[in-house]
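Here's the structure, in structure tokens; my notes come after.
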Amino acid sequence: MSDLELVGPVRHPRNASQDERGGIHDDATATGLGFRGGTIAGSIHLDQLPPLLVDVLGPAWFERGGVSLYFRHALTDGEPVRAVVGRPPTIAAADDVQVPVRMEQPDGGPLVAEGTASLGVPATASALRSRDLRDVDPTGLRILRLLAPGMPLGPFTYAADGDEQRDRIERGFMTEPLGWYTGPSPWGGPIAAPSTVVDLLSRPPTKALIGLIGKAVGLWGAMEIVHHRGPVLVDEPYEVRGQVVAVAETPQTEVLWYDTTAYDAAARPVATLRLMTRFMKASSSLYATAV
């Protein structure tokens, strides 16, 4: 560690979805696919970052800031993790800056995630925007064979659920809850935590894609949220739309990347999500065998 980094406290995030049978957060399903147990959703890790980002980049991070993470190691329920955010040399109100970010286990444990956080429009692309997303011919895929880059997603009308966010906080499923998530904030009423922004921008397209994706277990492998005209307000309806960015594969997975954006009533972009999901080829085989 150095003076150029701000290190957060060690937290023990909970697996809020461990009772959802048949998915990667379920112990039985995850261990059957070679994981140590049901995995923590990546969006839960995002919630550990805002106190550090506000310290380093200011409250304006919720208005025009972003965070971009590629996940390296999946954690299970209660495992320790801490967030580390780099400090820029200087910050001015209009600065367009980007700093490194990582999530790590203490005492030399594995790197959980790494990437960037930003304020404004930095000159350098974010961690995920700088990745080479190499497409494959979708006709050679099994799970994602019906998807192709450019496929539209939406429009959907959806709202960030304030009651659900409050319930997660009350049940101890948010590692770093800010008072702004449930009470007054500098922008008036409660605002959406990063995990709630991910819910807003991922749930509608997920429901729309269910019928187009073959049976398989998916695991979020990367995510980026960017506020354009934030913050995202809870219980405020937004129009959500986007598109498939890339489909790819590795020896063990088929990979889907998509972007979605929430627009306000004046059709202005408020927040964007880039999400990558890995679908386990072995889980598709298990489903086929069961049938």
Side-chain angles (χ1 to χ4, degrees), residues 6-20 23-26 37-63 65-67 69 71 74-85 101 103-106 112-113 117 158-204 206 220 223-227 230-238 240 262 270-271 273 275:
L6 182 62
V7 182
V10 174
R11 298 301 190 202
H12 299 264
R14 302 298 312 279
N15 181 1
S17 303
Q18 58 189 331
D19 294 331
E20 296 177 6
I24 197 64
H25 309 302
D26 165 37
T39 64
I40 300 286
S43 56
I44 290 177
H45 292 314
L46 289 189
D47 286 337
Q48 205 162 329
L49 288 164
L52 304 183
L53 296 175
V54 169
D55 188 307
V56 170
L57 302 175
W61 181 82
F62 280 103
E63 300 173 348
V67 60
L69 287 180
F71 294 99
L75 295 184
T76 61
D77 186 66
E79 290 189 302
V81 62
R82 66 185 174 194
V84 182
V85 175
V101 172
M103 306 286 296
E104 63 185 17
Q105 290 198 279
V112 175
Y158 204 68
D161 193 322
D163 288 339
E164 184 176 313
Q165 176 169 275
R166 187 176 298 104
D167 181 67
R168 286 206 305 270
I169 292 172
E170 290 175 353
R171 295 170 63 196
F173 285 135
M174 189 178 291
T175 51
E176 293 285 354
L178 299 179
W180 298 342
Y181 299 156
T182 54
S185 73
W187 305 274
I191 65 173
S195 61
T196 305
V197 175
V198 173
D199 288 345
L200 168 70
L201 291 166
S202 66
R203 284 182 177 175
T206 295
W220 286 344
M223 61 180 57
E224 170 184 291
I225 60 170
V226 179
H227 301 97
V232 172
L233 303 176
V234 300
D235 301 324
E236 180 82 15
Y238 294 97
V240 175
V270 175
L273 169 72
L275 184 66

- Item | Verdict with reasoning, L273 to V197, per side-chain contact (heavy atoms from CB on, under 4.5 Å) | CA-CA 8 Å; L273 169 72; V197 175; over 6 Å; no

- Item | Trace of the side-chain contact (heavy atoms from CB on, under 4.5 Å) decision for L233 with I191 | CA-CA 4 Å; L233 303 176; I191 65 173; 4.0 Å; yes

- Query: Between Y181 and T196, is a side-chain contact (heavy atoms from CB on, under 4.5 Å) present by the stated rule, with each step listed?
  - Reply: CA-CA 10 Å; Y181 299 156; T196 305; over 6 Å; no

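Salt bridge D199/R168: present, at least one basic N to carboxylate O contact under 4.0 Å.
Considering CG of L275 and OG of S43, their distance stands at 9.0 Å, rounded to 0.5 Å. Note that the CH2 atom of W220 and the CG atom of L69 stand 13.0 Å from one another [nearest 0.5 Å]. Summarising the geometry, atom CG belonging to D161 is positioned 9.5 Å from atom CG belonging to D167; distances are rounded to the nearest 0.5 Å. Atom-to-atom distance recorded for L52:CG and W61:CH2 is 11.0 Å, nearest 0.5 angstrom. Once rounded to the nearest 0.5 Å, the distance linking CE of M103 with CG of L46 reads 8.0 Å. A distance of 11.5 Å separates CG of D163 from OG1 of T182, quoted to the nearest 0.5 Å.
Residues P59 and V54 approach most closely at N-CG1, 4.0 Å, considering heavy atoms. Between L178 and P51, the closest heavy-atom pair is CD2-CG, 4.0 Å. The two residues S185 and G189 have their closest heavy-atom pair at OG-O, 2.7 Å. In terms of heavy-atom proximity, D235 sits nearest to G162 at OD1-N, 2.9 Å. When all heavy atoms of A193 and M174 are compared, the pair lying nearest together is CB-CE, 3.8 Å.
I44 has its side chain out of reach of S195: every pair of non-hydrogen atoms, C-beta onward, lies at least 4.5 Å apart. When side chains are defined from C-beta on, L201 counts as touching V240, because their heavy atoms get closer than 4.5 Å. Counting heavy atoms from C-beta on, the side chains of M223 and I225 never come closer than 4.5 Å.
Screening H45, E79, E104 against V112 for a side-chain contact (heavy atoms from CB on, under 4.5 Å) leaves a single residue, H45.
Q48 places no side-chain N or O within 3.5 Å of a backbone atom of G8 that could act as its donor or acceptor partner. Side chain of E176 to main chain of P50: no donor-acceptor pair is present (N/O by atom type, distance under 3.5 Å, no hydrogens or angles).
The aromatic rings of H227 and F62 lie tilted to each other, with the angle between the two planes from 30° to 60°.
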